[in-house]
Structure formats: C-alpha cells, structure tokens
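Here is the structure we will look at.
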Amino acid sequence: MNQQEALFRFALRMGDNSVVLGHRTSEWCGHGPVLEEDIALANIALDLIGQARNYLTYAGEVEAKFRASAPLRTEDDLAYLRGEREYLNVHLVELPKGDYAHTIVRSFLFDAFHLPLQQALTTSKDDRLKGIAEKAVKEVAYHLRHSSEWLVRFGDGTQESHQRAQNALEDLWRYTGELFAADEAEELLAKAGIAPKLADVKQEWSATVDRVLKEATLKRPADGWMASGGKKGIHTEHLGPMLAEMQTLQRSYPGVEW
Amino acid sequence: MPESQQAAQFQAKVDAEQKIEPRDWMPAEYRQNLVRQISQHAHSEIVGMLPEGNWIGRAPSLRRKAILLAKVQDEAGHGLYLYSAAETLGVGRDEMVSQLLSGKAKYSSIFNYPTLTWADIGAIGWLVDGAAIMNQVMLCRTSYGPYARAMVRICKEESFHQRQGYDILVTLSKGTPEQKAMAQDALNRWWWPSLMMFGPSDKDSPHSAQSMKWKIKRQSNDELRQTFIDRTVPQAEFIGLQVPDPKLKWNETIQHYDWGEIDWEEFNQVIRGNGPCNAERMAARRKAHADGAWVREAALAHAGKKAKRSAA
Ligand SMILES: [Fe+2]
Ligand SMILES: [Fe+2]
C-alpha cells in the first residue's frame, strides 16, 4: 500500500464513521425524549454529515490521483453507491440507536475517541486533513460535552437511568477495541506524520472515560472480547438495512440529479 | 378600576397598534383565544416534523439530507419559541403537551397527509411552508407582543424553507420524465390540502371576527388564501407543473385567479381525526413522550441532587 492509497482509505473511513453515525443520530429527529434534545441531536447529526462531506470529497480526489484510470468519485458517489462491504466504518457507529441510554453511551464512547483524533489531525502534515480537523474539532468538543453531560445525568440520576446507562456500557464496550486497532493504512500514515498513532488517542480516550464514568458513578466494564471487522468492510447485520434505506433513491434512479 | 373600563382601555391600546404584554390586563377570552391559537401553532410545528422526518433517512444526496435535517430542526425550534410565548400567558409546556397527547388540543391538519415520494418534501416546503408564511407574516403584527416577536424570528426561517422546497421541485422538473411525474403527482396531492390550511371560509369561521377585532388576526382566511393562490400559480407554471384545478383561471377584471371549490367534507373529516395519518402522528408523539419519560425524570433527579449538593 502506498501513502496515497493509505490516505484514501483513511479519509474514506473518517467519512464513513461520520456519515453512518450522522444517519443514526438523525433517526431521533422528531422522536426525541424532550424537544431540546431533538434540536441538539439534529445539530450533532448535521455536524457529522458536514464532516462526512468533507472527508468523502477529499477521498474521491485522492483516489483519482493514484487510480488514474478510475473516474473521479464525488461525495455522493462514495456515500450512495458503495455497498456495505466497501464501507470502512467501525461497528460502533452502525449499531441501531437503541434506547436513549444506548444512543448517549455510543456517542460518548465515540466522541471521546473522536475529539483527541481530530485534535491530533489539526497538526497533520496533510493540509486538507488539517483544514477539515480545524473546523471539526470545535464541533466534536461540543458533541463530547453533550454526551458526557447526559451520561452523568443518567448515572447520577434515577435508579432506572443508572441501570440503563450501565447496561448500555456493558453492551457497547466490546465495540470500543476496534477504534484503536490500527490497520495498515493507519500505521503508514502515523509514521508519515499525517495521522496520529491510535495508541496515543487511546490514552486520552481512556482518561476521558474514567473521568466521566467516575462523575456519573458508573462502572467501567472490563476489557473482554472485542468485535472488529468494520475497518475491513466486514460489518454487523445492521449496516446493510441502513444503507438500503439511505441509498434507495440513488439506486432506484441511477445517474439523475436531485 | 372597574372591568368595563379596563376592557375599554385594552381595546383602545389594541386599536392604537400598541402591543399587549404579559403583565398587561387582558380580557379572559383574549387570553384563552391566544393560548388556544399559540399552542395549536406550537403543536403544528412539532407534529409537522414527522412527515418530513420520514425522508431524512432517504434524502437522495448528502447536501439534501443536511438541508432537510436543518429544516426539520428549525421546526423544532419554532415549536420551542411558541411554547415559550404561550407560557407567558400562564400555561406550562407540560400542560400543553398533555393536551396534544390526549387529543384535546388540535394541530394543523396538513400534517395528517402522508409523504410518499421525495417530491413531497419539495411540495411541503413550497406549498405548506408557503401557506404557513402567509399566516405568519400577518402574525408578525399580531397584538400580543411575545407572539409577534416569536413570529418575526420564525418568518425568516420559513422563507428559507419555502425556497428550498421549491428548489427540489425545480430540480425534479428539469429531470427525467419519471422525476417530472413525481413532481406533478406531489402537486396533485398537496395542492388542495394546502388551500385548506387557511381554515374554513370566512362565512363559516367561528373565531375569526373576534380575533380580527383584537388584532390577533389581521386578514381573513379567504383573503390570505387568495393571496397564496395568486402568488403560487405562476410559480407552478414557471416549472411546467399544472395546478390540479380545472376551474383555475386568471380574472383580468378583479386581478385575481378564479378557482374551484375546496372539498369541505374532506377538511372536516381530517379535523375529526379521519385523515390518512392522524392515528400514526398521534401514536408517534405519544411513543416519543412515553419512551422519553425516564430521560426527563433522570434529568430532573440529577438537577435536584446537584442543587442539594451545592446548597450543602
Ligand atoms: Fe415552522
Ligand atoms: Fe418551516
């Protein structure tokens, strides 16, 4: 794998994580537990979709450079015309939204990873990644604040909310290992100073998790078996139906303008 | 001061185009009328999120997805402003929401129609937000201060929504024959329900006369409806869509369109709960409220614990 191809895969993965989590988050719009949360989650989903557009556009441009024979793929080509085996997001973001505790815990576990990752990318040697991160870092800081605050409310709220949050943590913990399991592309980019070492990101993630769980009076689950495969395009059964929904118009009416 | 004198002062203030503010004396019926209208308006914003929310997951490009999501989010914000405006009249949001969920309070019937294709998202923005704007521009000058101010903020966003909706239909009308048919089909289904949004004809409108005297309303249902038709028909023609009204015709003498007759039987049926989606809309709102109960309780409990700790 050369550096251009690694960059392509990395930008694609960043875009896929954002578009999939953005889609899942948007599923609450109109159905939230309180009106203010409909608004907050729509905001977060909008940020994620905006980030996905930046990453996917860049991925398409990078691809066109190293695969000279292939036509340039736009953000929508990449979002709407790839099947689930070609999506490179981690499993954590594709899981169904579940109850509000699952939604908040999933967001928290992802945001606590996403923020140090974006912070590190603001010093990337790749100007485009740097530029995207400079904007994203402010958005993601808000996402983490939002999910942390709700996690503390749940943990230190009622008995029911505490139990629901703890259950969600136990259910989702197995999907956190994949966030930090670097693949060939990520290792290559870390060596080149383009993306951070995921081991470093993990340290910050772990500290954030400990700090917030303590405040929330929740227990950090033990590391056990960890799910993986998303980064290679081997997904859970949940991604396929989500993409089928998302891609329905583009697939039913190929090649038209919307 | 005797009540008759207060009432006279109140009406004089309204007549002089001064805003009535929450602390001012107002007739009990004025207050009731406003609570009914503002809360109904707020509920409409919230229930209105559902038909469009139905397409957020299926929006055909990332750009359209973001625009639609932002639009539905705006509607949630409108609901919030309006609940706050109603709260200034002494009724709590919880109470208003429970009136919606029990079926006691109404919301705009337009949201009881289904969104069946992507073109419906265009038609809603163009026609439904378009009709709402007619009403809301008028309400920017309504006599009750907090309501008028909420409307000023809302109107700016609604005109965006209308442009974005029309833009969807412009794109479809320039597209393939299937896309054009999709746009025409959406207009066929949404035209008449949009005209019904202005409410009963003036001769059958129970609340109108008093609302006009109090300057809550400033134009009649029929006037607003006519303005909407006059403004919208050329927009349909411009993109090659045909308004589904065989009697529609420009009348040179009165400088307005003549048009057909609304099916008031359908209008009344939908209001009575027999529209295509009344049951689904209420079920969705009730489910969101019930599923969210533990979340709201947790937030309250946590806030209580925090307050206790900081007091200790
Ligand atoms: Fe609105
Ligand atoms: Fe609107």
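Heavy atoms only: backbone and side chains are in, while hydrogens, waters and symmetry mates are out. Proteins get letters first, then strands, A, B, ... in listed order; numbering begins at 1 in each.
Looking at A:Val19, the atoms closer than 4.5 Å to chain B (heavy atoms on both sides) all sit in the side chain, from C-beta outward. Only the side chain of A:Leu56 comes within contact range of chain B, with heavy atoms under 4.5 Å apart. With a 4.5 Å cut-off on non-hydrogen atoms, A:Tyr100 touches chain B through its backbone and its side chain both. Looking at A:Ala79, only its side chain comes within 4.5 Å of chain B, counting heavy atoms on both sides. Proximity to chain B is limited to the side chain of A:Asp76, based on heavy atoms less than 4.5 angstrom apart. Only the side chain of A:Trp150 comes within less than 4.5 Å of a heavy atom of chain B; its backbone N, CA, C and O stay farther away.
No other option in B:Ala76, B:Ala301, B:Ala298, B:Gly57 has as many heavy-atom pairs under 4.5 Å with chain A as B:Gly57. Here B:Leu80 is the residue among B:Leu80, B:Asp291, B:Thr176 with the most heavy-atom pairs under 4.5 Å with chain A. Most heavy-atom pairs under 4.5 Å with chain A, from the set B:Thr171, B:Asp74, B:Val295: that is B:Val295. Taking A:His162, A:Met246, A:Glu245 one by one and counting their heavy-atom pairs under 4.5 Å with chain B, the maximum is reached by A:Glu245.
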So B:Arg93 and A:Val34, side-chain contact (heavy atoms from CB on, under 4.5 Å) or not? Walk me through it. CA-CA 11 Å; B:Arg93 201 207 298 184; A:Val34 57; 4.2 Å; yes
Just do the ring pair (Phe, Tyr, Trp, His ring centres under 6.0 Å) check on B:Trp294 and A:Phe154 with the steps written out, would you? CA-CA 9 Å; B:Trp294 72 268; A:Phe154 289 165; 4.8 Å; yes
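Distance check, rounded to the nearest 0.5 Å: OG of A:Ser161 to NE2 of B:His302 gives 10.0 Å. Between the SG atom in A:Cys29 and the CG atom in B:Leu68 there is a gap of 8.0 Å [rounded to 0.5 Å]. Taken to the nearest 0.5 Å, the CG atom of B:Leu62 stands 11.5 Å off from the NE2 atom of A:His23.
By the 4.5 Å heavy-atom criterion applied to side chains, B:Gln73 and A:Leu46 are counted as neighbours. Looking at B:Arg58 and A:Gln247, their side chains never come closer than 4.5 Å, going by heavy atoms from C-beta outward.
With hydrogens and angles ignored, the 3.5 Å screen pairs no side-chain donor or acceptor of B:Gln179 with any backbone N or O of A:Val256.
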